[in-house]
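What follows is one structure encoded as structure tokens, with my remarks underneath.
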Amino acid sequence: IVGLGIGYVFTFLVTRNYGAECWGIFSISYSALAFANLVGRFGLDTSLVKYVAEYMAKNNEEAVKALYKRVFIFILPISLFLSIVMYFSSPLISEKIFHKIHLIPYLKLISFGFVPMVILFINSSFLRGLKDIKAHIFTQYISNFLFALIIFEGLYLFDFGQMSAVLSFVLGIILSCLLSFVNITKW
């Protein structure tokens with residue numbers, strides 16, 4: 001509920017400060033990122049929850065660490081490759097799918113959030129498998145929009161224009177990703 005509330009406040013501030021057109025641009029950019037993120041995780045986040053919980057139930061911490069490492073080593077180069085593809089195909093996506101050429105810079109910018117978002121979901125699932133539900137919920141549902149909201153307010157002061165919504169969200173994802181590593185290293 002907290003995450004939804006923060007997301008609503010973010011929506012309100014973006015539309016109040018830059019209008020519905022800016023929110024539309026953000027929504028399209030976010031949708032492209034969410035779709036790519038879904039593909040880029042290969043379902044490994046769901047599998048990670050299952051196997052981490054299973055190995056922890058057997059007190060096999062070495063297997064948990066090895067699994068996390070294998071998933072991370074597998075997912076990182078693939079997500080990096082997909083991020084690069086997303087960046088360079090932004091003109092194609094803008095023109096052929098959305099028929100809106102002005103989306104190119106926004107889709108290019110949101111592509112920088114792809115790798116951190118995939119890692120964020122992987123780390124969040126790992127925390128869920130460890131039964132660290134508070135860290136999982138904060139990481140997956142609250143931190144993105146919380147950091148984006150704070151950054152958005154800062155960017156508004158410097159008048160980044162309509163780019164503020166996408167830029168603040170990408171920076172929020174990066175901060176959330178970094179914070180998720182802090183939670184992982186506690187384990």
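Because the structure is a prediction, the values reported are computed rather than measured. In what follows, every heavy atom counts, from backbone to side chain, and hydrogens, waters and symmetry copies are set aside.
One N or O on the side chain of S83 and one on the backbone of S111 form a donor-acceptor pair closer than 3.5 Å. H136 places a side-chain N or O within 3.5 Å of a backbone atom of S124 that can act as its donor or acceptor partner. In this structure, S180 contributes its side chain and C177 its backbone to a donor-acceptor pair below 3.5 Å. N17 contributes a side-chain N or O that, together with a main-chain N or O of L13, makes up a donor-acceptor pair within less than 3.5 Å. Side chain of S94 to backbone of I104: a donor-acceptor contact under 3.5 angstrom is found. In this structure, S143 contributes its side chain and F138 its backbone to a donor-acceptor pair below 3.5 Å.
The side-chain heavy atoms of L179 and L175, taken from C-beta on, include no pair separated by under 4.5 Å. Within the 4.5 Å cutoff, the side chain of F26 has heavy atoms near those of the F10 side chain. When side chains are defined from C-beta on, F12 does not count as touching W23, because their heavy atoms never get closer than 4.5 Å. Residues Y87 and L107 fail the side-chain proximity criterion, which asks for heavy atoms closer than 4.5 Å.
Shown are V170, N144, L171, I173; of these, the side-chain contact (heavy atoms from CB on, under 4.5 Å) with P116 is made only by I173.
The local environment of CZ in F98 is crowded, with over 12 non-hydrogen atoms from other residues, nucleotides or ligands closer than 6.0 Å. Around the CZ atom of F181, the shell of radius 6.0 Å holds more than 12 heavy atoms that belong to other residues, nucleotides or ligands.
The pair E54-K58 meets the salt-bridge criterion, since a charged nitrogen lies less than 4.0 angstrom from a carboxylate oxygen.
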Subject >> Residues F145, F169; criterion ring pair (Phe, Tyr, Trp, His ring centres under 6.0 Å); working and verdict >> reply: CA-CA 7 Å; F145 278 107; F169 189 73; 5.2 Å; yes
